[in-house]
Amino acid sequence: MTLEYTIQLATQKAITALYKTDLPLEQIVLQETRKEFEGQITLVTFPVVRFSKKSPEQTGLEIGEYLKNQVQEIVNFNVIKGFLNLSINDTYWIDQLQKNILKPDYGQFAPNGKKVMVEYSSPNTNKPLHLGHVRNNLLGYAVAEILTAYGYEVIKVNLINDRGIHICKSMLAWQLFGNDETPESSRLKGDHLVGKYYVIFDKAYKKQIEELQASGQTEEEAKKNAPLIRQAQDLLLRWEAGDKEVITLWKRMNSWVYTGFEETYKKLGVDFEKYYYESNTYLLGKDIIEEGLAKDVFFKKSDGSVWIDLTADGLDEKLVLRADGTSVYITQDLGTAQLKYNDFQMNQSIYVVGNEQDYHFKVLFLILKKLGKTWANGLYHLSYGMVDLPSGKMKSREGTVVDADDLIEEMIATACKRTEELGKIDGFSEKEKRELYRVIGLGALKYFLLKVEPKKRLMFDPNESIDFQGNTGPFIQYTYARINSILTKAKHTQQDGTNYSSSLTIVERDLLVALTKYPTIIETAAKEHSPAHVANYIFELAKLYNKFYHEEPILKVEDLPIRQFRLQLSAATAYIIKKGMHLLGILVPNKM
RNA sequence: GCCCUCAUAGCUCAGCUGGAUAGAGCAACGGUUUUCUAAACCGUCGGUCUCAGGUUCGAAUCCUGAUGAGGGUACCA
């Protein structure tokens with residue numbers, strides 16, 4: 001039973017005893033005491049005033065007196081307007097260190113027996129990953145980690161869009177202009193090589209459109225009639241027909257892309273339990289169309305196309321199967337959703353996909369519910385905002401993208417430069433240095449992207465490098481390294497427990513109170529699918545520690561129990577920083 | 001046209017189911033190192049929480065409308 005809960009119950013009793021009213025627990029509002037006042041926990045007494053029929057101050061005093069007598073942890077209280085500030089015994093906070101915070105499983109919730117799937121990344125195989133994908137990957141990975149900490153069994157999957165007209169465009173351009181160029185011959189990373197031909201296609205295609213327009217066609221006609229797009233469509237038909245030559249080329253080029261992606265995933269530190277490929281799933285969903293027609297959820301128009309009418313739900317009529325019997329995007333997704341459920345029977349399924357697809361997922365989930373799929377209630381679209389450049393949205397074809405691999409390299413280079421300027425890593429081997437730069441560079445990048453609430457759009461200015469000071473990954477990593485340095489010097493081990501019973505300084509108590517909040521933060525982050533909560537929390541914690549570090553001596557304290565206690569407090573902070581950063585997929589260095 | 005999302009300090013962002021005088025970081029300016037890592041710490045400056053109504057003892061937070069930005073919109077994914 002948490003202290004908050006104890007206080008809530010006691011308050012409930014107090015109100016019954018004092019004012020003869022039974023107030024439900026939800027109406028007993030506790031909050032953190034603001035820094036400028038004394039105390040750690042605050043009861044808002046405004047809601048009680050109408051029962052006490054006394055002034056907020058008087059009500060606060062009466063409840064405060066009652067609580068002080070009934071709850072042993074409460075040593076003092078003060079009342080300011082409608083706020084009853086409760087001071088908790090230092091012993092309570094000190095006990096938390098031994099009883100909870102320093103336990104190895106602190107912050108790991110007991111298994112809840114539920115399975116959740118997290119689908120993320122989901123790239124197209126016609127171009128390399130860019131900053132938008134990076135946000136997606138980090139979000140997906142972090143959410144998976146957080147849910148694991150919250151007690152779920154998590155299955156991470158990647159649904160690869162490896163077929164379709166866009167893939168054929170790259171293939172065609174390579175056939176026409178590639179001169180057998182391979183990753184080996186060009187020393188280009190496979191995904192970049194294929195992406196290069198996607199851009200070449202687009203340029204050549206645009207040129208053809210212009211030429212056709214010059215010869216009198218409208219833009220619309222020109223787009224349809226350009227020889228290149230015709231050839232690409234032909235390639236798609238041959239692919240669907242299983243044409244050996246096309247399939248061989250497709251496999252070859254895709255394998256280049258996969259090798260490239262794997263390299264990027266590895267650098268980012270993300271992974272998957274299972275890969276789904278659209279080339280395997282694009283024909284799925286037709287059974288579901290039949291099912292929907294049989295259940296009268298769908299209807300057929302005279303041209304043979306199949307639709308669902310969602311106007312009663314405030315949405316539109318939506319096409320679910322083309323007149324020629326071929327699938328559209330949502331047909332595949334219906335089928336894939338069923339396939340995933342058949343594979344894993346998970347309780348929940350999270351799709352990490354950008355907010356440009358909000359409408360699509362609204363429709364997808366609604367259709368599955370209308371089809372009576374009970375598991376559809378566990379579907380959730382984790383919608384995140386686009387990453388914008390100062391010039392606006394990133395567009396692959398126009399070359400206005402921040403490439404993932406380039407960005408990672410730049411971050412590592414910046415980390416290297418900054419670290420060398422500070423010159424604190426004498427004695428590091430070359431290998432250790434490289435590893436450190438990687439940890440710091442990626443730490444800065446990941447923290448930068450994860451500290452922002454997922455649904456908000458995010459601004460990235462390539463001309464301004466990502467910060468290494470203030471609310472940043474390296475700041476937190478630095479705090480960890482500092483603590484580590486102290487613990488090493490003190491030869492501190494986890495077993496060095498003491499029965500410390502002196503009173504706490506203000507910083508010590510603030511730090512302890514912050515440490516006790518860790519599990520609550522995980523809970524909120526998990527429920528809201530938002531790693532940003534974790535990021536902001538660790539930052540607060542690191543700030544508090546730095547204040548503590550600055551204000552209170554640790555190694556130099558002669559009073560042994562105090563020294564011991566401060567070492568433990570340091571160890572606990574380091575421990576939470578490390579664990580919390582791991583939830584974000586960020587590593588912490590022992591020295592920097 | 002219709003639908004969805006967002007709007008907080010010069011910039012980038014926090015602000016929990018409505019609660020105290022709206023907080024951080026960056027930038028700017030000033031200070032702190034013979035003392036455990038100065039990627040740090042302390043201070044100053046900086047606000048009509050886009051605007052207008054409404055609900056409430058109490059609104060940055062909830063409701064309605066307006067404005068601005070972004071996204072979606074029936075055979076692209």
Side-chain angles (χ1 to χ4, degrees), chain A residues 26 29 31-37 42 44-47 49-50 56 80-83 85 122 124 161 164-166 278 301 303 305-308 314-324 326-333 353-360 362 383 385-386 388 392-393 415 418-419 421-422 424 440 444 448 451-453 455-461 464 467-479 481-487 489-490 520-521 524 528 532-533 535-536 539-540 542-543 545-557 566 570 591-592:
Chain A
E26 307 85 70
V29 184
Q31 61 187 39
E32 259 178 76
T33 305
R34 293 178 71 112
K35 277 189 284 215
E36 57 266 40
F37 305 107
T42 291
V44 185
T45 55
F46 286 113
V49 170
R50 58 197 180 110
I80 293 164
K81 290 191 270 182
F83 301 91
N85 302 318
S122 311
N124 294 346
N161 184 341
I165 188 72
H166 47 292
E278 281 195 20
K301 285 195 178 172
D303 65 356
S305 58
V306 181
W307 296 72
I308 183 165
L315 304 173
D316 303 311
E317 275 192 4
K318 181 88 184 165
L319 175 91
V320 293
L321 194 71
R322 290 193 187 102
D324 63 7
T326 58
S327 301
V328 288
Y329 179 41
I330 203 149
T331 325
Q332 295 177 38
D333 268 8
V353 180
N355 64 10
E356 55 199 351
Q357 296 195 32
D358 284 356
Y359 184 73
H360 169 76
K362 210 182 255 184
S383 163
M386 298 288 106
D388 290 322
K393 206 182 164 186
R418 297 272 315 156
T419 308
E421 279 166 5
L422 293 169
K424 296 185 191 175
I440 297 175
F448 176 79
K451 75 173 177 189
V452 181
E453 200 63 32
K455 76 172 171 186
K456 297 237 183 154
R457 26 203 284 244
L458 202 143
M459 244 290 272
F460 177 82
D461 187 345
E464 270 177 59
D467 275 330
F468 282 62
Q469 286 170 1
N471 188 359
T472 67
F475 169 86
I476 297 164
Q477 291 172 320
Y478 173 71
T479 308
R482 255 183 161 182
I483 301 176
N484 192 259
S485 165
I486 283 206
L487 296 178
K489 281 188 179 147
T520 317
I521 298 296
T524 347
E528 294 180 16
H533 283 102
N536 290 317
F539 174 60
E540 287 302 322
K543 257 199 309 189
Y545 186 84
N546 280 315
K547 195 181 168 76
F548 162 72
Y549 178 93
H550 195 262
E551 288 182 10
E552 313 288 354
I554 302 167
L555 290 176
K556 287 177 301 184
V557 182
R566 288 187 181 162
S570 301
K591 192 180 169 189
M592 69 185 271

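Letters A, B, ... are given to chains in the order of the sequence lines, protein chains preceding strands, and every chain is numbered from 1. What you see is a predicted model; the values in this text were computed from it and never measured.
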Closest nucleotide among B/A77, B/C13, B/G15 to the A/His533 side chain: B/G15
B/U33 and B/A40: how far apart are their C1' atoms, nearest whole angstrom? 11 Å
When the distance from CG of A/Asn355 to P of B/G71 is rounded to whole Å, what number comes out? 9 Å
Closest to side chain of A/Asp316, choosing from B/A74, B/C26, B/U8: B/A74
Residue A/Lys362, side-chain atoms from C-beta onward, closest of B/U21, B/C4, B/C75: B/C4
Under-4.0 Å side-chain N/O to phosphate OP1/OP2 contact, A/Ser485 with B/U37: yes
Is the A/Phe475-A/Tyr478 ring centre distance short of 6.0 angstrom? no
Counting only Watson-Crick pairs (N1-N3 plus N6-O4 or O6-N4) and G-U wobbles (N1-O2, O6-N3), all under 3.5 Å, who is the partner of B/C62? B/G54
Parallel, tilted or perpendicular, as decided by the 30° and 60° cut-offs, for the rings of A/Phe46 and A/Phe83: perpendicular
Between B/U8, B/A40, B/C36, which nucleotide has the shortest distance from any of its atoms to the side chain of A/Lys456? B/U8
Contact under 4.0 Å: A/Arg457 side-chain N or O vs B/C6 OP1/OP2: no
Which of the following nucleotides, B/A24, B/U37, B/A77, is nearest to the side chain of A/Lys543? B/A24
Can you tell me how far C1' in B/G58 sits from the matching atom in B/G46, rounded to whole Å? 28 Å
Of the options B/G19, B/G25, B/C41, whose atoms approach the side-chain atoms of A/Val44 most closely? B/G19
Does a side-chain N or O from A/Lys591 land closer than 4.0 Å to OP1 or OP2 of B/U37, or not? no
With rounding to whole Å, what would you report as the distance between B/A24 and B/U5 at their C1' atoms? 25 Å
How far, in whole Å, is B/U35 from B/C29 if one measures between their C1' atoms? 28 Å
Output yes if the stacking criterion (under 5.5 Å between centres, under 30° between planes) is met for A/Phe37 over the base of B/A20, else no. yes
Mind checking the P distance from B/A60 to B/A69? Whole angstroms is fine. 26 Å
Is there a donor-acceptor pair under 3.5 Å between the side chain of A/Thr419 and the backbone N or O of A/Ala415? yes
What integer number of Å spans the P atoms of B/C3 and B/G47? 37 Å
Rounded to whole Å, how long is the line connecting atom CD1 of A/Ile483 with atom P of B/A40? 14 Å
Considering just the side-chain nitrogens and oxygens of A/Lys35, establish if one lies under 4.0 Å of OP1 or OP2 belonging to B/G23. no
Closest listed nucleotide, where the reference is the side chain of A/Lys81 and the choices are B/C75, B/G19, B/A20: B/A20
Given the C1' atoms of B/U12 and B/A7, what is the spacing between them in whole Å? 14 Å
Out of B/G19, B/C36, B/C41, which nucleotide sits closest to the side chain of A/His550? B/C41
Measure from the side-chain heavy atoms of A/Arg34 and tell me the nearest of B/C75, B/A22, B/C6. B/A22
Would you measure the distance from the P atom in B/U61 across to the matching atom in B/A52 and give it in whole Å? 13 Å
Walking RNA chain B from its 5' end, the first of A/Glu278 and A/Lys451 to be reached, judged by nearest nucleotide, is A/Lys451
